[in-house]
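Notes for the one structure printed next.
Position 1 is the first residue of the sequence; numbering continues from there. Predicted model, so just to flag it, every value in this text is computed and none were measured.
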Amino acid sequence: EFWLRKKGLVAAAKTTEECVFDLWNGSNMDTVEYGRLSVRIMTSNTSATDTPLELSFQSGSVTGSFTFTSLAKSEMIDDKWHHYALTLKNNGTALESELYFDGAFRELKSGASKAINEVLPAQNSDSGSMTANLGAYRTISGSQGGGYGKLSGSIDDFRYWKTKRN
């Protein structure tokens, strides 16, 4: 969960997405150990009713993203503080995510056959832990390096919980 204040989007010509949160286990993308969870705002969605908020996940060969269609860009980008809470859990073979916006439930997303395994730190990790960034990606494939997808806005009171909160 976190508080976010955004006045506008970075021009799509500069970046296609602004990263709010990126958690990565340090494994290479082409391995079964690879694990990543990201919350991002898509800058390519340009009309006021477009939905820019996405939750992206990867765990080994399972990969996908949820776009939260109940939340319009005009609600998110108004230069006011808003509270966001996202949940993520396996439900059988499906992966489910819930979005709460300013304290109210907004949407449930479900991905069939998208259940993810436990994501552990990379075996070759020096720290033996997973690492995360707020406001930019840890690392990204291709020509972009760490720090890609910088967020233009203010984040406050970010919390990552292992269990769902009330």
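Considering only residues two or more places apart in sequence or on other chains, F68 meets the ring-ring contact (aromatic ring centres under 6.0 Å, His included) condition with none of them. Under the side chain to side chain donor-acceptor pair (under 3.5 Å) criterion, Y84 pairs with no residue, sequence neighbours left out. Not counting sequence neighbours, the partners of A94 by the side-chain contact (heavy atoms from CB on, under 4.5 Å) test are S110. Listed by chain and number, the residues in a side chain to side chain donor-acceptor pair (under 3.5 Å) with D156 amount to none (sequence neighbours excluded). Remark: S70 pairs with E107 by the side chain to side chain donor-acceptor pair (under 3.5 Å) rule, at least two apart or across chains. With sequence neighbours excluded, no residue satisfies side chain to side chain donor-acceptor pair (under 3.5 Å) with S97. With sequence neighbours left out, S56 forms a side-chain contact (heavy atoms from CB on, under 4.5 Å) with S38, R40, Q58, S65. Applying the ring-ring contact (aromatic ring centres under 6.0 Å, His included) test to W81 and every residue at least two apart in sequence or in another chain returns nothing. Residues satisfying the side-chain contact (heavy atoms from CB on, under 4.5 Å) criterion with L151, sequence neighbours excluded, are L4, K6, E18, V20, I41, I155. With sequence neighbours excluded, the residues forming a salt bridge (charged side-chain N to carboxylate O under 4.0 Å, His left out) with R159 are D157, listed by chain and number.
Applying the salt bridge (charged side-chain N to carboxylate O under 4.0 Å, His left out) test to residues at least two apart or on different chains, the pairs with a partner in residues 79-99 are R5-D79, E98-K164.
Cluster note: Y100 groups with F105, L108 through ILVMFWY side-chain heavy atoms spaced under 4.5 Å, whether in direct contact or through intervening members.
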